[in-house]
Amino acid sequence: MQRLGCGAIDRSHIGSHVEFNGWVNRRRDHGGLVFIDLRDRDGLTQVVFGPEDSPAFEEAHSLRNEDVIRVRGAVRARPAGTENPRLKTGEVEVQALELQVLSRSEVPPFPVNLDEDVDEGLRLKYRYLDLRRPRLVRNLTVRHKYLKAVRDFFDANDFLEIETPVLIKPTPEGARDYLVPARLTRGSFYALPQSPQILKQLCMVAGLGRYVQIARCFRDEDLRSDRQPEFTQIDVEMSFVEQEDVMRIMERMMIETFERTLGVTLEKPFPRLSFGEAMRRFGSDKPDLRFGLELVDAGAIFAGTEFAVFKSTLESGGAVIALRWPGGAASSRREFDAIVERAKEHGAKGLVWIALGADGVKSPIAKFLDGRTLMALREACGAQSGDAILIVADKTPTAQGVAGKLRLDVAERAHLRDPKSFAFCWVSDFPLFELDEETGHWTFTHHPFTSPAPGHADLMESDPGSARALHYDMVLNGVELGSGSIRITTPELQQRVFHALGMSNEEIQERFGFLLEAFRYGVPPMGGMALGVDRIIQIMVGESSIRDVIAFPKNQQGRDLMLEAPSPVTKANLEELGLRLAGEQR
RNA sequence: GGCGCUGUAGCUCAGUUGGUUAGAGCGCCGCCCUGUCACGGCGGAGGUCGUGGGUUCGAGCCCCAUCAGCGUCGCCA
């Protein structure tokens with residue numbers, strides 16, 4: 001007897017005897033006839049129990065949602081007129097001859113057989129029930145297929161999948177580490193990797209050539225809808241390559257894996273922007289290219305303006321940046337107030353709006369807008385009657401950043417962010433360092449192993465802010481999927497970068513001595529990249545939260561509501577590790 | 001750590017200016033029903049209104065505190 005999945009039967013099975021195992025999705029009990037929709041991962045199959053099938057028929061009355069049953073019976077065509085076109089298996093049904101109840105279910109805490117929004121805390125507590133629902137099954141299936149395609153791609157391109165350890169060494173830079181006390185070395189701690197960065201570089205020193213890993217990474221920072229404390233990266237490193245080589249193979253990988261997973265054909269090559277261009281045109285280092293609405297430098301247009309804010313901004317070398325809001329002119333005063341408020345949340349001091357209504361132009365600064373200025377603005381923004389124009393004035397980076405965020409706001413309002421389209425791009429030529437506002441110290445944009453661009457090494461000391469890096473990001477729909485870089489491979493240069501970051505020789509030796517030592521034994525030029533799997537899948541399936549593409553995610557407090565982790569440990573546990581909780585008596 | 005939204009039946013929600021006995025749909029329980037597929041019909045059970053305090057003759061509703069979930073800023077090499 002054939003054992004089949006509930007989504008698997010069709011007309012070709014008519015007449016055959018089959019066995020099904022699954023969960024009762026729904027019972028429709030007509031007294032003299034009982035219908036059961038049987039569910040498993042694949043889908044639904046209708047099972048029919050009639051009085052002639054007794055004793056199965058008798059027991060069928062007692063079935064309840066989520067009971068686990070085994071049914072043996074015959075596949076037959078449904079009577080003409082009773083087919084269900086909404087069901088994949090809707091042309092056929094199973095006439096039950098034998099019924100075995102394998103497990104009874106209590107009434108579940110939320111409906112499993114409806115695609116209804118349920119409180120997420122409840123879903124997470126009973127994740128095993130949530131995972132029975134088709135939406136999450138689909139997400140996990142896409143994830144599986146995608147990772148399979150990724151592995152196949154790298155296998156076909158001569159990469160070795162290598163597992164690196166999860167218990168490694170703390171790295172005080174960057175994100176907060178998860179620490180694990182070392183029982184055998186009291187007072188010392190392992191850290192969980194924020195990424196296998198150094199290990200994969202050492203794989204290159206080892207001569208392994210092309211490394212890939214579907215790597216779990218850990219960062220002890222606050223959670224967001226797109227951030228979990230543990231997450232998965234496609235981690236890649238290659239020897240004897242330049243930036244172009246890495247970008248090409250990663251781009252090819254995305255094109256092939258999207259094709260294989262979703263059957264979509266991505267446009268190639270991916271557009272490329274420099275960091276500076278991305279900031280100028282889109283006000284973001286991860287531009288959403290699903291729509292236009294490029295930023296407009298309106299400095300020249302307002303060169304002679306009497307409007308004090310614009311005037312003083314321009315005189316002090318700042319920027320006046322304009323942005324088209326499609327259809328924005330129809331907005332109410334309240335909606336304009338809201339967008340001004342958004343601009344302030346984004347860090348602007350204020351926002352000027354101009355409504356290009358059919359019945360005339362409205363704006364808080366209308367009296368400063370002569371016909372020529374308006375015409376020039378309209379032209380530069382590509383705005384039409386019915387649109388609005390938003391203008392931000394500030395120091396250039398601030399104005400760009402604010403305008404970039406407003407660009408996303410207005411795109412959202414105008415429904416231009418189509419979740420079904422995939423707009424990739426590359427952003428490169430990042431600054432090597434950025435200034436930490438709090439400490440006033442230079443810190444790395446990517447990570448401290450990133451090579452300066454050719455000819456930029458000396459800028460590290462003379463003008464750190466203007467040094468560029470061999471660093472590239474892959475961006476999809478305004479989301480940074482991941483970063484890569486060409487690595488530093490000379491101990492001297494690496495040392496200079498550490499110095500530029502304010503590290504002493506002792507610190508360098510203590511933290512990264514092993515790496516510098518490794519570089520003394522013959523190190524190939526190398527570069528690589530890491531891409532966030534969870535975000536890729538999230539965009540592929542159009543979910544608004546990364547949690548919906550992870551089987552067992554943590555909530556905003558970093559807790560697993562199902563396992564109730566983290567949890568306290570016993571005094572004996574602590575003692576064995578040589579730990580005592582602060583504030584606790586001896 | 002800051003800010004915002006939410007918390008009423010198992011689930012999703014409604015609940016008027018503070019006023020008698022807190023409602024609906026689904027689910028659940030019982031009975032009936034041979035072609036349903038959100039089956040249908042009849043009947044029924046089910047509520048510390050997140051928690052604590054306060055104001056008031058009277059609080060689901062107002063005030064304060066607190067807990068939880070989500071979003072967001074900080075944070076995220």
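Protein chains get the first letters and strands the later ones, always in sequence-line order, with residue 1 at the start of each. Below, all heavy atoms of this structure are taken into account, side chains as well, without hydrogens, waters or symmetry copies. In this text the structure is predicted, and so the values were computed from the model without any measurement.
A salt bridge does not link A:Glu480 to A:Lys286: none of the charged nitrogens lies less than 4.0 Å from a carboxylate oxygen.
Under 4.0 angstrom from either OP1 or OP2 of B:C76 there lies no side-chain N or O belonging to A:Gln194. In this model, the phosphate group of B:G71 is approached by a side-chain N or O of A:Arg547 to a distance below 4.0 Å at OP1 or OP2. Between A:Arg28 and B:A38 there is no side-chain N or O to OP1 or OP2 distance below 4.0 Å. Residue A:Arg227 places none of its side-chain N or O atoms closer than 4.0 Å to OP1 or OP2 of B:C75. The shortest distance between the side-chain N/O atoms of A:Arg559 and the OP1/OP2 oxygens of B:G69 is below 4.0 Å. Residue A:Ser225 has a polar side-chain atom (N or O) positioned under 4.0 Å from OP1 or OP2 of B:U72.
A:Phe512 and A:Phe514 have tilted rings, their planes meeting at an angle from 30° to 60° on a 0 to 90° scale. Relative ring orientation between A:Tyr126 and A:Tyr128 is described as perpendicular, the plane-to-plane angle rising above 60° on a 0-90° scale split at 30° and 60°. Classified by interplanar angle (parallel below 30°, tilted 30° to 60°, perpendicular above 60°), the ring pair A:Phe430/A:His471 is parallel.
Straight-line distance between the P atoms of B:G4 and B:U48: roughly 30 Å, to the nearest whole Å. With P as the reference atom, B:U8 and B:U55 are 27 Å apart, rounded to whole Å. Atom name C1', nucleotides B:A9 and B:C28: the rounded distance is 11 Å, in whole Å. Rounded to whole Å, the C1' atom of B:G53 lies 48 Å from the corresponding atom of B:C42. Atom name C1', nucleotides B:C29 and B:C70: the rounded distance is 35 Å, in whole Å. To the nearest whole angstrom, the two C1' atoms, one in B:A45 and one in B:G30, are 10 Å apart. B:U6 and B:G46 are spaced 31 Å apart, taking the P atom of each and rounding to whole Å. Straight-line distance between the C1' atoms of B:A22 and B:C49: roughly 8 Å, to the nearest whole Å.
A:Arg76 comes within contact range of at least one nucleobase, with a heavy-atom separation under 4.0 Å. Nucleic acid contact class of A:Glu83 (heavy atoms, under 4.0 Å, all strands): base.
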The contact string for nucleotides 40-52 of chain B, one letter per nucleotide 5' to 3', using protein heavy atoms under 4.0 Å with B, S and - for base, sugar-phosphate only and none, comes out as -------------

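Listed candidates were B:A77, B:G71, B:C11. Nearest to the side chain of A:Arg219 is B:A77. Nearest to the side chain of A:Arg64, among B:C28, B:C37, B:C29, sits B:C29. Comparing atom distances between the A:Arg26 side chain and each of B:U34, B:C39, B:G69 picks out B:C39 as nearest. Nearest nucleotide to the A:Val118 side chain, out of B:A77, B:C28, B:U12: B:U12. Closest approach to the A:Asp119 side chain among B:C76, B:U12, B:G35 is made by B:U12 (side chain taken as heavy atoms from C-beta onward). Comparing atom distances between the A:Thr82 side chain and each of B:U12, B:U36, B:G27 picks out B:U36 as nearest. The side chain of A:Arg86 sits closest to B:A38 out of B:G35, B:A38, B:C37. In this structure, the nucleotide among B:C28, B:A77, B:G35 sitting nearest to the side chain of A:Val107 is B:C28.
Close placement of the A:His447 and A:Phe449 rings is indicated, their centers lying within 6.0 Å of each other.
Side-chain atoms of A:Glu345 and base atoms of B:U72 include no donor and acceptor less than 3.5 Å apart. A:Arg224 contributes a side-chain N or O that forms a donor-acceptor pair with the base of B:G74 under 3.5 Å.
Residues passing the side chain to side chain contact (heavy atoms under 4.5 Å, CB included) test with A:Lys88, sequence neighbours excluded: none.
With a cut-off of 3.5 Å on both pairing distances, B:U16 has no Watson-Crick or G-U wobble partner at all.
Centre separation under 5.5 Å together with a plane angle under 30° does not hold for the ring of A:His30 and the six-membered base ring of B:U36, so they are not marked as stacked. Where stacking is scored as ring centres under 5.5 Å apart with planes under 30°, A:Phe110 does not register as stacked on the base of B:C11.
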